[in-house]
2 protein chains.
Amino acid sequence: MNIAEFDVVTTEGSATQRAYHLLRHMIVTGVLKPGEKLKIDGLRNRLETGASPIREALSLLTSDNLVERHDQRGFTAAAVSVDNFQEILVLRSSIEDLALRASIANATQDWEERIVLAHHRMLRAEGKETDMFEQFHKAFHMELLANAASPIMLKFCSQLYDLNIRYRYLAGSAMNYQRRDVRDEHNGILDAAVARDADTASERLLNHYKLTGAFLSGLLGNGALA
Amino acid sequence: MNIAEFDVVTTEGSATQRAYHLLRHMIVTGVLKPGEKLKIDGLRNRLETGASPIREALSLLTSDNLVERHDQRGFTAAAVSVDNFQEILVLRSSIEDLALRASIANATQDWEERIVLAHHRMLRAEGKETDMFEQFHKAFHMELLANAASPIMLKFCSQLYDLNIRYRYLAGSAMNYQRRDVRDEHNGILDAAVARDADTASERLLNHYKLTGAFLSGLLGNGALA
DNA sequence: CCGACAAAAAATATCGATTATTTCGCCAAA
DNA sequence: TTTGGCGAAATAATCGATATTTTTTGTCGG
């Protein structure tokens with residue numbers, strides 16, 4: 001999987017491919033609301049395609065935990081809850097800790113350059129539209145972990161990232177969370193990774209999550225999910 | 001997800017459901033070989049159903065890393081390699097370590113009884129046909145982890161379990177691995193879990209994986225994958 | 001007024017056929 | 001011999017229609 005292409009909405013490829021990316025984007029960004037029934041016919045009209053590609057795309061999305069499949073009762077957008085949010089936060093922290101340490105253990109000059117580049121691209125995307133920034137933000141985080149040479153683990157991390165960012169969109173804070181000292185946090189993580197200091201890098205990464213987690217938890221607790 | 005129903009091949013439900021369970025079983029047990037092209041028409045005949053359920057089932061299986069989807073070029077059974085096997089082993093050990101410790105941290109009498117029961121059922125299935133034993137073996141391992149109250153993590157573990165057991169079938173040793181001192185190992189894990197001794201339980205669980213891993217690695221290295 | 005049952009409506013799931021794409025085999029030219 | 005196309009065959013993907021299932025609605029009897 002090409003890191004740079006995570007999550008890009010395309011207009012090429014098969015109808016299934018297009019439907020998959022479009023639906024995923026609509027769910028992650030909250031256009032399709034949690035728990036909402038995803039009726040084949042409705043989506044068929046919206047995406048201007050047949051039932052087969054829609055069903056196939058929805059099946060693919062169930063594996064990402066973004067869609068729930070109820071046999072013979074159709075599909076719904078995955079539910080959300082405070083518990084679910086906490087679970088994602090905790091699990092993500094644990095697994096990314098593993099991944100980052102493994103990544104650093106395998107550090108090479110090549111990887112070093114890739115994370116610096118990903119970081120630079122993210123900086124340049126600041127102030128651009130949210131979707132664009134989010135794309136590079138994810139690319140940076142995934143590139144940090146990619147050197148662990150564990151495709152399955154990377155896929156898990158990617159999934160958890162998407163599940164988490166969905167809550168950010170739901171809380172309507174995808175934009176303004178850019179305000180916090182996130183830039184400094186990213187710098188700190190990058191520096192430690194480049195220095196191949198696994199303990200510091202991991203500590204900063206986890207703190208990064210803990211902070212955004214607490215921030216979001218506050219918003220969500222105030223009924224943003226209700 | 002009901003632990004006891006992991007992986008059961010049903011004849012009820014929708015055609016998609018049936019196709020999903022059947023195909024999954026065929027891939028895990030090696031009836032469909034790694035890398036094999038999964039032609040829709042061929043499967044259509046074999047499973048006596050239409051193309052739509054097949055495609056949908058295959059889409060669901062891609063999320064389990066058991067099928068690879070190549071846009072406009074169909075599906076293949078997931079490839080295998082020594083690297084992949086090692087990755088699964090390492091990742092599984094790491095994540096199950098987390099899960100087991102969390103499970104024990106949440107220990108209740110109810111959970112205690114569930115794992116004892118699962119263990120008993122596994123013992124009773126010894127000597128029965130492989131598939132039956134495997135079902136209870138998996139149920140026991142999943143039940144150990146289920147008390148972590150982290151559905152996503154449990155799903156990851158379930159996936160990794162299936163990926164791992166696939167190698168066991170490929171090595172043709174699903175049966176005779178029952179001979180090793182696996183029974184003692186399981187007893188040891190159960191005892192430590194019941195005693196709520198996380199360190200010992202985890203150590204024994206990981207050792208259990210390390211041993212089967214080394215055992216299989218030997219077989220696989222000798223060209224069983226070629 | 002409420003609950004059970006039946007018919008109607010809506011939605012899902014599936015099929016068979018059609019369309020689009022890739023793959024393969026062949027031949028000609030370099 | 002290799003390379004580059006050109007069909008033809010094979011396969012994947014998609015569509016439109018039909019069958020199946022679930023959900024809703026309406027009616028009757030208690």
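In what follows, chains are A, B, ... by sequence order, proteins preceding strands, each numbered from 1. Computed from a predicted structure; not experimentally measured.
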### Message
Using whole Å, what does the distance between atom P of nucleotide C/dA11 and atom CG of A/L58 come to?
### Response
16 Å
### Length of the CD1-C1' vector between B/I54 and C/dG16, whole Å
15 Å
#### Entry: Distance, rounded to the nearest Å, where A/D71 contributes CG and C/dT14 contributes C1'
13 Å
### Message
Closest approach to the side chain of A/K39, judged atom by atom: which nucleotide of D/dT22, C/dA11, C/dT14 is it?
### Response
C/dA11
### Task
For A/E87 and B/S150, test the side chains for any donor-to-acceptor distance below 3.5 angstrom and give the result as yes or no.
yes
### Message
Please compare A/R44 and B/R55 by the position of their nearest nucleotide in DNA chain D and report the one closer to 5'.
### Response
B/R55
### Task
Round to the nearest Å and state the distance from B/L47 atom CG to C/dC15 atom P.
11 Å
### Query
Reckon A/K37 has a side-chain N or O less than 4.0 Å from the OP1 or OP2 of C/dT12?
yes
### Query
Quick one: which of D/dA13, D/dC15, D/dT22 gets closest to the side chain of B/Q72?
D/dA13
#### Entry: B/T49 vs C/dT14: side-chain N/O to OP1/OP2 distance below 4.0 Å
no
### Nearest-Å distance for atom pair CG/C1', residues B/N45 and C/dC15
14 Å
#### Entry: Minimum side-chain heavy-atom gap A/H186-A/H141 below 4.5 Å
yes
### Task
Using distance alone, with no hydrogens and no angle criterion, decide if B/Y209 and B/E96 have a side-chain donor and acceptor under 3.5 Å apart.
yes
### Message
Testing the 3.5 Å rule here: is there a donor-acceptor pair between the side chains of A/Y20 and B/D71?
### Response
no
### Message
Is a donor from one side chain sitting under 3.5 angstrom from an acceptor on the other, for A/Y167 and A/N84?
### Response
yes
### Query
A/H70 has an atom NE2; how far is it from atom C1' of C/dA13, in whole Å?
16 Å
### Query
Hey, is the side chain of A/S14 poking within less than 4.0 Å of OP1 or OP2 on C/dT21, counting only N and O atoms?
no
### Task
To the nearest Å, give me how far apart CD1 (A/I40) and P (C/dA13) are.
7 Å
### Query
What integer distance in Å separates B/D41:CG from C/dA17:P?
12 Å
## Note on the structure
Of D/dC15, C/dT14, D/dT23, the nucleotide closest to the side chain of A/S52 is D/dC15
